[in-house]
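Step one of this worksheet: look at the structure below.
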Amino acid sequence: MTDIKKRIAISKFWNNSFWVAGLLSTFAGLVLLFALFTDLFLDGAPRISYKFFTSFPSRFPEEAGILSAWIGTTLVMLVTAMAAIPLGIAAGIYLEEYARKNWITNIIEINITNLAGVPSIIYGLLALGLFVYFFEFGESILTGGLALALLILPMVIMATREAIRAIPNSIREASFALGATKWQTIKDHIIPYSTGGILTGIIIGLSRAIGETAPIITVGALTFIAFLPTSPVSAEFPFVSFKWLFDPFTVMPIQMFNWVSRPQKEFHINAAAAGIELLAMTLLMIGIAIYIRYNFRKKIKW
Amino acid sequence: MVEQTLKAEAKNLNFYYGDVHALKNINIPIKRRKVTALIGPSGCGKTTFLRCFNRMHDLYPHNRYEGEITLYPDNVNIISRDVDPIEIRMWISMVFQKPNPFPKSIYENVAYGPRVRGIKKKQIIDERVEKSLRGAALWDEVKDRLHNLAFDLSGGQQQRLCIARSLATEPRILLFDEPTSALDPTATSKIEELIVELKNEVTILIVTHNMQQAARVSDDTAFMYLGELVEFDRTDKIFTNPSNGLTEEYITGRFG
Ligand SMILES: Nc1ncnc2c1ncn2[C@@H]1O[C@H](COP(=O)(O)OP(=O)(O)O)[C@@H](O)[C@H]1O
Ligand SMILES: [Mg+2]
C-alpha cells in the first residue's frame, strides 16, 4: 500500500517537474520574443509616418523612406504566390491522387522533401542561371518572384500532400460510389477538405519568402532604387500592363540591410521602422490566410 | 421469362486481388425488388463480392474480375472491361460499413448524387433531398436543420443520411456492407425496418455477419465460405432446413 503511494508520489513529482520546465521554456521563448519586438518598436516606431511610406530612399536619413521597398516586396510576393500556389497544389494533388506508388514517385518524394532543406542562396543561383540568363527575364520582379516561388514550392507541395493524406479513404469511396469521377471527387471533396492544411503551408512558405534576402540579391535586385515599377493599371487601352514584371526592384529586407550597414545611427532607426513594416506585412498575410481558413471551417468541419 | 423477376445475376464470377483468388466461381441470382443477404464468416469474401457490383475494385491497382455479372433488363455485363465503372456507379449505389458522410451540411450530402448527375435546378434538388430523406426515415428529425453539419448527427442518423444520399441517386440496386455493425441496437432495428421498407422500390443486396438480421430482412440468402458460394436459397429455407451441412453448422453457431 505505502509502496504504491510512494510510487504515485514519485510519478507526480516528475509530472509536476516537467510541467514547470515546460512552462519556463515557453516563457523564455515568449519573453525573448517580446523583448525583441519591444526593442524594435521603441527604436523604430517614432520614425513611422505617412511620409516614410511614400518616400524613396535617400542619402539623408530623415528624408529616406521605403516606398520602392514595400511596393517591390508586394509585387514580388504576388509573383511568388501566383506561381508557387497553383503549381504546388497541383503537384501535391498529382502525387497523392494520381501518381502510382512506385520507385519513380518514391525518388520524386525524397527529392521534394530534401529540396525544402536546400539553402536559399542555392535557389538564387538556380534562378540566376535559369530565369536571368536562360529565359532572359532580366534582373526583374518576375525573376525575384520566381526565385522565391522555387524556394517555397516544396513547402506548398508537402503541406498539400499532408492535408490530402489526412482525408480518410472512406470519403473518396463515398464520392466514387455516388458516380463521381476522379476530378469531381478531387474538386468537390479533396481540395475543399484539405484547404485548411494547404493554407497553413502557404502561410509558412510566404512568411519565409517575404524575409528572404540571399536569393533576391543573387538574382540582382538593386540596393538603392529611386523609381517605381510600371503601374499595372493605366488610363489608356488596354488598361492593364504586365511591363512591371520586367522592371528592376528592391525588397524590404534588402532595404533594411542597406540601412543597417550604414554608419549613421539615424539609418539604423530607419531600418527598425522598416522592420516593423515588414512584420506588419507578414502579419497581414497571415491574417488574410487565417480569415480564409476560418470561413472554410465554418462550412466544413474536419 | 426468368429475367423479368431477376435484377442481376453473377455467373461464374471470379475475383483476384493480385495473386489472391478471393472469389471462386460464384453464381448468385439477385431478384428484383427483393433483399438478398450474404452471410458467412469473416474473410469469406462477402465485401469483395458486394464491391464487384459497383466496380469499387477498379479504384485500386492489380484487381481483376473474371466471369459475368449481368444486369437486367439491359443485359449489360457490369464487370466487363468495356463498361465504364462510372456508368455502373450511376445505377448501383452503396452504403458502407461505417457511416461516412461528407464533412458538409446534411443537405449537401444528399444533394451530391444529383449534382454529380448534372442536376442544377435548386427546386429539383430540394425535392430530391426531401424525398430521399423521407425515404431514409430521417426527414422529420432533420428537416429544421438541413444546413447543419452531418457530423452533428448521431451514428444511426449518419448511417440513415448515407442511405438517403444513395437513394437520391435513384439507384437500380442498393448495396449494403454490414450497415449496422457500428450501431447500437435501437439504431440497428431502425435501419432494418428501413431496408424492408425500401425493397418496395429498389433491389437490395446486403452483407451481414448477423444471422438474425439476415433472417429478419432478407428474402434470399447466400452463404459463402472461403471465397466460394456454399449455398443459395430462400431465406426461410436456409434458416430452417439448409441442404448443406456446412451451412447448418454456421447458422447454428457451431463455427464462424
Ligand atoms: N485489398 C486486398 N488485397 C488483398 N487481399 C484482400 C484485400 N481485401 C480483402 N482481401 C482478402 O480477401 C478475402 C475476402 O475479404 P472480404 O471480402 O473483405 O471478406 P468479408 O467481407 O467476408 O469479411 C480475405 O481473405 C481478405 O484477406
Ligand atoms: Mg466485410
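Quick caveat, the model's predicted, so the values are computed rather than measured. Sequence lines set the chain letters: A, B, ... in the order given, protein chains first and strands last, and positions in each chain run from 1.
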Residues in residues 181-191 of chain A near chain B [non-hydrogen atoms, under 4.5 Å] |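 Near chain B, by residue number: A:Thr181, A:Gln184, A:Thr185, A:Asp188, A:His189.
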
If I measure from the heavy atoms of chain A, does [X] come under 4.5 Å with its side chain, its backbone, both, or neither?
{"X": "B:Pro101", "answer": "backbone"}
{"X": "B:Tyr60", "answer": "side chain"}
{"X": "B:Arg55", "answer": "neither"}
{"X": "B:Ile92", "answer": "backbone"}
{"X": "B:Arg165", "answer": "both"}

Taking all heavy atoms of [X] and all of [Y], pick out the closest pair and write down the distance.
{"X": "A:Ala180", "Y": "B:Tyr112", "result": "CB-OH, 3.8 Å"}
{"X": "A:Gly179", "Y": "B:Ile86", "result": "O-CG2, 3.3 Å"}
{"X": "A:Ala177", "Y": "B:Ser93", "result": "O-OG, 3.7 Å"}
{"X": "B:Pro103", "Y": "A:Ile171", "result": "CD-CD1, 4.0 Å"}

Say you draw a straight line from [atom1] of [X] to [atom2] of [Y]; how long is it, rounded to the nearest 0.5 Å?
{"X": "B:Arg89", "Y": "A:Leu178", "atom1": "CZ", "atom2": "CG", "result": "10.5 Å"}
{"X": "B:Lys104", "Y": "A:Tyr193", "atom1": "NZ", "atom2": "OH", "result": "4.0 Å"}
{"X": "A:Ser170", "Y": "B:Phe96", "atom1": "OG", "atom2": "CZ", "result": "8.0 Å"}
{"X": "B:Asp58", "Y": "A:Phe176", "atom1": "CG", "atom2": "CZ", "result": "11.0 Å"}
{"X": "B:Leu59", "Y": "A:Glu173", "atom1": "CG", "atom2": "CD", "result": "6.5 Å"}

Is the count of non-hydrogen atoms from other residues, nucleotides or ligands lying under 6.0 Å from [X] atom [atom1] greater than 12?
{"X": "B:Tyr17", "atom1": "OH", "answer": "yes"}
{"X": "B:Lys120", "atom1": "NZ", "answer": "no"}
{"X": "A:Trp244", "atom1": "CH2", "answer": "yes"}
{"X": "A:Tyr291", "atom1": "OH", "answer": "no"}

Side-chain donor/acceptor pairs under 3.5 Å, residues 196-203 of chain B, sequence neighbours excluded:
from: B:Lys199; atom 1: NZ; to: B:Asp219; atom 2: OD1; distance (Å): 2.9
from: B:Lys199; atom 1: NZ; to: B:Asp219; atom 2: OD2; distance (Å): 3.2
from: B:Asn200; atom 1: ND2; to: B:Glu197; atom 2: O; distance (Å): 3.1
from: B:Thr203; atom 1: OG1; to: B:Arg33; atom 2: N; distance (Å): 3.0

Tell me, for A:Arg100 versus chain B, whether the close heavy atoms (under 4.5 Å) come from the side chain, the backbone, both or neither.
->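 Only the side chain of A:Arg100 comes within 4.5 Å of chain B.
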
